[in-house]
Amino acid sequence: MNYLFTFVELEAFVWTLLHSLWQFTLIGMLVIFINRRMNKVSALSRYWVLAMALLCMPLVSIITYHLVKPHEIPEHAVVAPLSVDSKVIPDQEIKVAGTNSLGAKQIVEQWISSHAFYIFLFWACGILVLGIRMLMGQLQLLQLRSWGQVDLGIRWQVRLREIGQQLGIRKSVHLAESHLVNEPITFGFLRPIVLLPVGLVNALSQQEVEAILWHELAHIKRHDYLFNLIQSLLETLFFYHPILWLLSKEIREVREECCDDLVLKQGVKPMVYAESLLHLARLINAQNNQFVMSTNSLNSAMSTRIKRLFSPTRTPARHKPFTALIAVLMILCLTAYAGVSLQAQSQVSVELEQMNVLYLDVEHQVTVAAEGVPAAQLKVTSENLEIISKASGKYVLKGKKLGEAILEISGPNGKIREAKYEVRRFPDALPSLDGEMGGTIWKSTLDKLDRIELSTPTEFPNQCRLTSFNVTYVRKGQDPEEVVNHTGVFSARTRELFNKAAKGDIYYFDQMKCQCGTEAEERSTAAMVFTIAVKEKKTTE
């Protein structure tokens with residue numbers, strides 16, 4: 001059986017996501033504090049501050065996961081499979097309470113632990129949706145690369161190569177017009193490509209077209225496409241955090257400013273460059289593919305960029321909504337974190353050794369272990385479960401009645417936690433002959449069998465036994481013959497029916513009843529139909 005997560009790993013992962021709420025908010029506040037004191041520095045310096053802050057976020061989450069995850073798991077603790085069959089998936093780690101009743105912190109921790117799977121499911125659904133969005137964006141770029149292109153001519157190809165050499169670009173950059181774009185875009189890392197809308201070259205002057213090419217090649221020089229891809233991946237993984245999205249938006253704005261500065265350093269006149277940006281704004285509407293680098297990017301404020309062309313060291317104050325949002329999130333997250341301290345106390349785990357559901361009258365092996373608490377000082381009780389103590393930390397649980405069952409674990413200072421399970425009826429058994437539930441059966445095989453076998457789709461020993469069944473023999477052109485069996489073993493009369501078997505004859509096994517465990521009532525099982533096959537004897541001449 002494959003395991004996606006152990007319960008301990010799943011809960012540690014969920015706690016990592018929750019901790020990221022206050023951690024990323026703190027990083028965002030730090031970035032705002034630093035950026036407000038960098039008004040007179042270059043856009044490149046501000047870009048690297050923002051980029052490093054964004055890359056710190058996944059690094060902090062990785063470190064948090066390793067700190068939250070227990071470093072030592074008792075040797076007798078057996079990993080339980082992740083399954084959605086149970087009504088409530090038992091949580092693994094909570095803190096030992098200092099009183100006989102659960103405080104607010106323990107209540108929150110228990111709620112998060114018991115709902116860890118659903119929190120993970122929410123995150124996974126978000127990943128799926130945004131992952132599809134990323135995939136569609138990449139497919140769109142493949143479409144742009146594959147068809148719809150128009151050659152611009154040798155003159156602009158040569159000019160693009162000259163600009164690339166001045167910028168120190170050694171890669172071969174492809175330049176073309178495309179019917180599928182309505183603004184200049186750049187994408188690709190190993191094989192970069194610059195696409196211009198059809199007719200744009202004729203609508204702008206030569207100097208304005210060259211200014212646009214300078215800007216697009218500046219993106220290639222800076223490897224912006226690759227970092228933008230990393231940004232999109234982080235936006236997908238941490239989609240739930242608005243601070244990351246706002247920080248990523250800020251990075252895209254400053255990135256355009258960095259390219260503007262790089263263009264001006266190459267000798268392009270600010271007035272010519274500003275006119276080219278204004279003409280683009282009037283001629284086109286930017287498309288919404290997050291993976292492309294565009295001169296007229298909607299992620300960048302056009303008026304701000306144009307102002308910077310003439311006073312590049314002045315940074316506009318545009319962080320007021322950003323700062324307010326960070327402040328609100330920081331207050332909420334710090335308040336929650338003050339009431340829920342993850343590492344303050346010892347931890348306890350409860351793990352079923354076979355399944356995470358309980359079957360009626362079936363023995364389930366369970367392991368209970370607490371960090372820093374001897375197993376002899378742990379007390380395990382339940383009203384709806386029969387509990388048999390085995391070796392140190394080992395118990396056997398048996399459900400007394402169907403429905404929800406609560407397992408209470410107490411320590412020296414009182415109750416530690418409650419683990420909720422669902423007690424179900426043992427699964428229905430499936431009949432078979434020679435491992436098959438129907439089809440063709442050899443007569444020689446039928447002669448060797450003495451009973452109908454029952455099997456159950458669980459990891460537990462079969463608790464069911466056959467109490468009765470009917471077998472009906474049908475031969476073409478003759479009346480059916482029926483025999484009733486009162487056990488799972490074939491009676492003498494049933495053996496007589498089997499002895500009559502010939503090629504093509506049919507046997508029906510139906511009205512099968514069985515009992516499972518200590519249940520008084522009988523269950524019905526599926527019917528079986530077999531057709532007899534006979535091995536032909538070889539003839540010799």
Side-chain angles (χ1 to χ4, degrees), residues 1-27 54-74 77-95 105-132 134 230 232-245 329 332-333 336-337 339-352 355-356 367 369-371 417 419-421:
M1 183 179 294
N2 295 325
Y3 302 118
L4 177 61
F5 278 113
T6 65
F7 289 136
V8 173
E9 291 170 341
L10 175 64
E11 191 172 351
F13 183 82
V14 169
W15 275 110
T16 300
L17 296 179
L18 296 177
H19 278 300
S20 69
L21 294 175
W22 69 268
Q23 290 170 340
F24 290 4
T25 304
L26 186 61
I27 292 174
L54 185 69
L55 295 178
C56 278
M57 291 181 174
L59 180 61
V60 167
S61 293
I62 293 173
I63 295 174
T64 301
Y65 175 78
H66 287 285
L67 291 176
V68 169
K69 182 181 176 182
H71 298 288
E72 295 183 2
I73 298 178
V78 181
V79 173
L82 176 61
S83 171
V84 296
D85 290 337
S86 59
K87 182 179 180 181
V88 180
I89 294 182
D91 43 329
Q92 280 69 47
E93 303 172 5
I94 67 171
K95 315 303 173 296
K105 180 181 67 175
Q106 284 75 29
I107 292 175
V108 174
E109 289 175 351
Q110 280 198 11
W111 186 89
I112 292 175
S113 297
S114 61
H115 292 79
F117 175 75
Y118 301 104
I119 297 174
F120 171 80
L121 189 62
F122 165 77
W123 177 83
C125 290
I127 293 295
L128 178 63
V129 172
L130 293 184
I132 294 175
M134 284 189 64
I230 296 174
S232 299
L233 179 61
L234 294 180
E235 289 171 351
T236 301
L237 293 176
F238 301 103
F239 67 91
Y240 55 88
H241 208 302
I243 297 303
L244 185 139
W245 284 89
L329 286 178
L332 293 176
C333 293
Y337 186 65
V340 186
S341 175
L342 188 63
Q343 299 295 330
Q345 307 272 348
S346 53
Q347 299 173 342
V348 61
S349 66
V350 180
E351 298 190 4
L352 287 172
M355 299 183 68
N356 55 353
T367 299
E371 181 182 342
R417 62 163 288 179
K420 296 181 181 179
Y421 303 94

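The figures that follow rest on heavy atoms only: side chains count, while hydrogens, waters and symmetry mates do not.
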Might you work through the side-chain contact (heavy atoms from CB on, under 4.5 Å) test for Leu234 and Met57, ending with a clear yes or no? CA-CA 9 Å; Leu234 294 180; Met57 291 181 174; over 6 Å; no
If you apply the rule side-chain contact (heavy atoms from CB on, under 4.5 Å), what do you find for Leu55 with Ile230, and how did you get there? CA-CA 9 Å; Leu55 295 178; Ile230 296 174; 4.2 Å; yes
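Here CZ of Phe13 is found 12.0 Å from OG1 of Thr64. Values are rounded to the nearest 0.5 Å. Annotation: the span from Gln23 atom CD to Leu59 atom CG amounts to 10.5 Å, rounded to 0.5 Å. Remark: Leu67 CG to Ile62 CD1 distance equals 12.0 Å, nearest 0.5 Å. Within the model, atoms OG1 of Thr236 and CD1 of Ile132 stand 11.0 Å from one another, a figure rounded to the nearest 0.5 Å. Going from atom CD1 of Ile127 over to atom CG of Leu237 covers 4.5 Å, rounded to the nearest 0.5 Å. Note that CD of Glu235 is 8.0 Å distant from CG of Leu54, once rounded to the nearest 0.5 Å.
Between Val68 and Glu11 there is no side-chain heavy-atom pair separated by less than 4.5 Å.
Under the ring-ring contact (aromatic ring centres under 6.0 Å, His included) criterion, Tyr240 pairs with no residue at all, not counting sequence neighbours. In this structure, the side-chain contact (heavy atoms from CB on, under 4.5 Å) partners of Ser61, at least two apart in sequence or on a different chain, are Thr16, Ser20, Phe24, Phe238.
Classified by interplanar angle (parallel below 30°, tilted 30° to 60°, perpendicular above 60°), the ring pair Phe122/Phe239 is tilted. In this structure, Trp111 and His115 have parallel ring planes: the angle between them is below the 30° cut-off, well short of the 60° mark.
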